[in-house]
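Notes follow the structure.
Lettering of chains follows the sequences in order, A, B, ..., and the numbering in each one begins at 1.
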Protein chains: 4
Amino acid sequence: MGRKSDARERLLETAARLVPERGYHGVGVQELCNVAGIKPGSFYYLFPSKQQLVIAVLEKTWEDTRNYIFTPIQTSNLSPLEKIREFFMRTCHLHAHRSSEGKPVLGCTFAVLGGELATQDQVINRKVQEIFSLFTGYFEEWITQAYEDELIALPKERIPDTAKALLCYTEGVALIARIHNDAETFSRMAEGALRLANPKK
Amino acid sequence: MGRKSDARERLLETAARLVPERGYHGVGVQELCNVAGIKPGSFYYLFPSKQQLVIAVLEKTWEDTRNYIFTPIQTSNLSPLEKIREFFMRTCHLHAHRSSEGKPVLGCTFAVLGGELATQDQVINRKVQEIFSLFTGYFEEWITQAYEDELIALPKERIPDTAKALLCYTEGVALIARIHNDAETFSRMAEGALRLANPKK
Amino acid sequence: MGRKSDARERLLETAARLVPERGYHGVGVQELCNVAGIKPGSFYYLFPSKQQLVIAVLEKTWEDTRNYIFTPIQTSNLSPLEKIREFFMRTCHLHAHRSSEGKPVLGCTFAVLGGELATQDQVINRKVQEIFSLFTGYFEEWITQAYEDELIALPKERIPDTAKALLCYTEGVALIARIHNDAETFSRMAEGALRLANPKK
Amino acid sequence: MGRKSDARERLLETAARLVPERGYHGVGVQELCNVAGIKPGSFYYLFPSKQQLVIAVLEKTWEDTRNYIFTPIQTSNLSPLEKIREFFMRTCHLHAHRSSEGKPVLGCTFAVLGGELATQDQVINRKVQEIFSLFTGYFEEWITQAYEDELIALPKERIPDTAKALLCYTEGVALIARIHNDAETFSRMAEGALRLANPKK
DNA sequence: TATGAATGAGCGTTCATTCAT
DNA sequence: CATGAATGAACGCTCATTCAT
């Protein structure tokens, strides 16, 4: 039986750190190998291609997003609208923490890769769309709850578009935060997210 | 009064067409030269670097955006809130036209380049920030007008953040439109933009 | 008396299928392992090197050639000249069968590998020469018989060169059949083989 | 106006020397650059791909073959059958000359590349077929002349196949000469070529 | 003023092979 | 007995840029 090691994991973690920061074309396979401490020839034993490594990064990043942002919110007993605000606050917190360590604000990994590769890599693009639909799923759930609790003034049929608007706003905020390298953008923009749901009074 | 060669212009137009579609790293200098029909050696006679060509693309694109979107809205006699909706409608129209010709939906050139190069090229990043502040200027003007016309329920001091929220939303919508290659996103999301301004009743 | 694993045989069969089709450099060790369903580490347990696997392919292919072409001809009671024609006909039949299944015409495995590696791998080259001398042995036997039966107008001392000429012709026909992907070349060229032996009348 | 140099020619000459000797996969782009004394990045300025360089090698090699072998024979006043023999003698001479300098016997460049890439590169394969049809053209012309001069006992309709048989024999002889690294093969096999044409008496 | 020719560094990927287990 | 894991060198090719003319 062959040797065992955490090389694959190290490579994935390295990619999950460097790719969201610099984008797909901004990080080379060689650099990933150097940083992860694996030899260049080993990359393609561990992953079939750079594309597939990035797919794995997207999946891992989604797992983290779910675990550190969505699941805690889901299992809390916050009101639906408070959940939306909490989503922004948690995102802000994570970025502020990174930022305080001198690291640049990443914004949203999915948006960064989706935007960069929209016209160039359909496999990655589809994966990003898939993850965005998971975001929208949570948003729609919260808005539906708010609708049922009569917290918002919205016709029922507008709920899906409102969830999508929330996704757009979220990704826009993340993008602007990235470009301005300013983690506080998330907290300053949280209020706008609530207004998108058109709360009563 | 000799005729000026149009090589520089052809190159700029080519870049303004290809770079927003495929991003900074997605288009090479050589390809730009081939498509524009100029010789590779001439590139660096016309522009000091790829970076500076892209700066010129950003400036040209901003000119176009101002001429085809902002100025017509400014000189119209629409109400402030209608101006916001009109901004989305005009953007939608432009993208839908391109899309009907089989071209991919670009989203916002500034966001695409800003997001891709945020951590890699401070010159381009600063130019994008500069242009975004021009966007915000228009938005703030409209919202201020709406505030003065008592169309919106917003404390005066929230106007700047609301303008910024509008920018975030705008860029988020453009990004999602790009990723889903769906020009209609703009019109479907227009309503949300208005809600961000918290209109009365 | 434990069961022997058939991994070695599967690998050999896979190589005997892929290498003649695509040549030595056209098939990689990894692909051979994938197709044969063995693990890459096992390759070098089963064979000391890619070179030696190919040597085994050459030997196996020679066995097949002897069994399916030479031996049936030897044990037939055809006249010597008919044996030469039969050699082309059998070769044609084998290639036509493969071709009818949509597979490319291989020509002669020995010539393919000998030609490709003549200046690069002396071990394989020598093996090919060795097998060619077995071909020549059969040819010389048939021509000698024809000489003794007074079927051909050839001085006795020209027999070895004529046998070699037959080998050259055979390999040339196979090569052209491969390049033109045309199995019928063998049958159309059979007549020429006879003329090489200079039959009487 | 840019600098001028013979880099392209040097690269082509280097390739025309190394590729026939070691085959397509046997020579790398880097090595070609090193030997030709050009920098690795320049290769793709001079040729669009390795494949196209080899196409140029094939064309150049054909030019040489025509100039040093076919044209002198054509313009001689040898009899048709003597032309066939002369073809082998000239080929033998060229190879023997190379061989006497310690260089390996190449055989036929077209056959080497055609055989190696028959199933892998249709562009190169087609070029080889094209050149082979030029060979056949000369052969057919000679045989037709011999037929008209009543030098050979051959029905008229067998001329095309006989020309093709001559091509097969030629390429087979070249291949065996390569594999045995023996230039004399050409002269020893010349007689066989004549017999393929079935000369009278 | 304009450009044909060239460049070194780096791209993502594949190679035949090794070795601890 | 057999293999999962790994490797360094090389693969064909593209990059943004330079410079003599």
Handout entry: Euclidean distance, atom CD of residue C:Q30 to atom P of F:dC11 [Å, nearest integer]
Key = 17 Å
Fill in the blank from the handout: Here the distance between atom C1' of F:dA9 and atom CD of D:E31, to the nearest Å, is 14 Å
Practice task
Starting at atom OH of C:Y24, determine the distance to atom P of E:dT14, rounded to an integer number of angstrom.
Solution key: 19 Å
Handout entry: C:Y44 side-chain N/O to E:dT18 phosphate OP1/OP2 under 4.0 Å
Key = no
Fill in the blank from the handout: Value for CG (C:L12) from CD (C:E59), rounded to nearest 0.5 Å, stands at 9.5 Å
Completion exercise
Each base of DNA chain F marked ( ) or [ ] if paired in-strand (Watson-Crick or G-U under 3.5 Å), | if paired to another strand and . if unpaired gives .||||||||||||||||||||
Exercise for the section: Whole angstrom is fine here: how far is it from CD in B:Q120 over to P in F:dA16? Expected result: 13 Å
Practice task
State whether the side chain of A:N181 and the backbone N or O of A:V105 hold a donor-acceptor pair below 3.5 Å, judged by distance alone.
Solution key: yes
Practice task
Supply the atom-to-atom distance D:I179 CD1 to C:I124 CD1, rounded to the nearest 0.5 angstrom.
Solution key: 12.0 Å
Problem - E:dA2 OP1/OP2 closer than 4.0 Å to side-chain N/O of B:Y45 - result: no
Practice task
To the nearest 0.5 angstrom, please state how far the SG atom of C:C33 sits from the CZ atom of C:R10.
Solution key: 10.5 Å
Fill in the blank from the handout: Note: for D:V27 and B:P40 on DNA chain F, the residue whose nearest nucleotide lies more 5' is D:V27
Fill in the blank from the handout: By nearest-heavy-atom nucleotide on DNA chain E, the more 5' of D:G41 and B:I38 is B:I38
Problem - N/O donor-acceptor pair under 3.5 Å between B:T14 side chain and B:V35 backbone - result: no
Exercise for the section: Could you state the atom-to-atom distance from CD of A:Q51 to P of E:dC11 in whole Å? Expected result: 18 Å
Exercise for the section: Check D:R178 against D:L106 and note the closest heavy-atom contact, atom names and distance. Expected result: NH1-O, 3.0 Å
Completion exercise
Heavy-atom nearest nucleotide on DNA chain E taken for D:F43 and for B:K39; more 5' hit belongs to B:K39
Practice task
Please figure out whether A:R8 or D:S49 has its closest DNA chain F nucleotide nearer the 5' end.
Solution key: A:R8
Practice task
Starting from C1' on E:dT1, measure out to CG on B:D6 and report it in whole angstrom.
Solution key: 15 Å
Exercise for the section: Quick one: label A:L46 by what it contacts on the DNA or RNA (base, sugar-phosphate, nothing), any heavy atom closer than 4.0 Å. Expected result: sugar-phosphate
Fill in the blank from the handout: In whole angstroms, the gap separating P of F:dA2 from CZ of C:F47 amounts to 13 Å
Handout entry: Distance test, side-chain N/O of D:S42 to OP1/OP2 of E:dT7, below 4.0 Å
Key = yes
Exercise for the section: Answer with base, sugar-phosphate or nothing: what part of the nucleic acid does D:V29 contact at a heavy-atom distance below 4.0 Å? Expected result: sugar-phosphate
Exercise for the section: Might you confirm whether atom CD of D:E9 has over 12 heavy atoms from other residues, nucleotides or ligands at distances under 6.0 Å? Expected result: no
Exercise for the section: Please report, rounded to the nearest Å, how far the P atom of E:dA2 is from the CD atom of B:E9. Expected result: 14 Å
